[in-house]
Amino acid sequence: MDNRRAIFKIREWYNLFWSTLNIPANATWAQNGVTIAGGNGYGGAINQLYHPFGLSVDDDQTVVIADWGNHRIMQWKNGDTTNGQVVAGGKGRGNGLHQLQYPIDVLIDKETDSLIICDRDNLRVVRWSLRSDTTQGEVLIDNIHCRGLAMDDQRYLYVSDRGRDEVRRYQLGEKNGILVAGGNGRGDGLNQLHWPTYLFVDRDHSVYVSDNENHRVMKWVEGAKEGIVVAGGQGRGSALTQLYYPKGIFVDTLGTLYVADSWNHRVMLWTQGDKKQGTVIVGGNGKGEGANQFNDPIGLSFDRHGNLYVADQNIYRVQRFSIE
């Protein structure tokens, strides 16, 4: 592909990506999810997952999943719910370049036709080509307690670091990055984080952070010295004003925030403005394996149609909830 075609393809994908966030303010979702990956108990077969964590959805509704307990990244194509395909790792737990060790998040990088992976227990971020002849990854960042990844429209990479309680922005290829959230010690101040996990970056380059141990989601405007609480922050609990270990997050063009409220076994919606409580959009029916239940939901994303995808960690499946 020549440079002009490559640039067009990148811009086309980013335009499409941002358009997927244009979810109507009055949207609702089916309360019963459909299993589109896993759901066959825990294990290492290609029709199974073992504690799925972060996930990404491509523009053709292909889903890539950080299959944490199997030390691999799985790809499940739209329409094929029977079997997935190993696209990174899957060579046992280890620190070789052909291996992963408890991967916890994954991004699709369209420009390089590759995956960017938070390789948690190897303390590194790696890139893994999606070419069929790929046998190993490439280390992008090392010595980092990575928990979450995001990429903005200028292809800067954002990485949460649980060890330093901060989020940094990296130009691909650089090792140090620029601090964009936290970095003032562990705590619950507005300039602090406590175990930051999953991330989202909007079109204004504001960074949203699941501040796990503070049971809140923070928004850090570009260049800000402290963040804004945009969900939770009222201690852990199950009230509509509270979160309990928030994980995956997503923000649409209206600024509506979607949160996988993991220990409350629900997905919530929080609108911009003065509203101090969220709304449960799926789940919230107790811990379980029913089609309208979760057991520790972690990863969360949407496709370009507005359908919601949730990695249901302890039921070893990914559920899709159709927009209505």
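- Taking the six-membered ring for Trp and the full ring otherwise, W263 and Y244 have centroids separated by under 6.0 Å.
- Between D142 and R124, no side-chain nitrogen of the basic residue sits less than 4.0 Å from a carboxylate oxygen of the acidic one, so the salt-bridge criterion is not met.
- Considering every non-hydrogen atom in both Y50 and G43, the closest pair reads CB-O, 4.0 Å.
- Side-chain heavy atoms closer than 4.5 Å link hydrophobic residues (I, L, V, M, F, W, Y) into clusters, and following such links, even through other members, never connects W220 to I178.
- Taken from CZ in R236 to CG in N214, the straight-line distance is 12.5 Å, to the nearest 0.5 Å.
- The distance between the ring centers of F302 and Y258 falls below 6.0 angstrom.
- Summarising the geometry, atom CD1 belonging to I281 is positioned 5.5 Å from atom CG belonging to L308; distances are rounded to the nearest 0.5 Å.
- Between F250 and F200, the ring planes lie tilted relative to each other; the angle falls in the 30° to 60° range.
- Rounded to the nearest 0.5 angstrom, F294 CZ and D296 CG are separated by 11.0 Å.
- By the side-chain contact (heavy atoms from CB on, under 4.5 Å) test, W195 is found to be paired with R162, D165, R186, N212, E213, residues two or more places apart in sequence or in another chain being considered.
- We find that D109 and R155 are joined by a salt bridge, their nearest charged nitrogen and carboxylate oxygen being less than 4.0 Å apart.
- In the hydrophobic clustering of this structure, I315 does not group with Y42; members are Ile, Leu, Val, Met, Phe, Trp, Tyr whose side-chain heavy atoms approach within less than 4.5 Å, directly or through other members.
- Sorted by first and then second residue, the disulfide bond (SG atoms under 2.5 Å apart) pairs involving residues 146-206 (not counting sequence neighbours) are C118-C146.
- For the salt bridge (charged side-chain N to carboxylate O under 4.0 Å, His left out) with K110, the lone residue among D153, D60, D58 that qualifies is D58.
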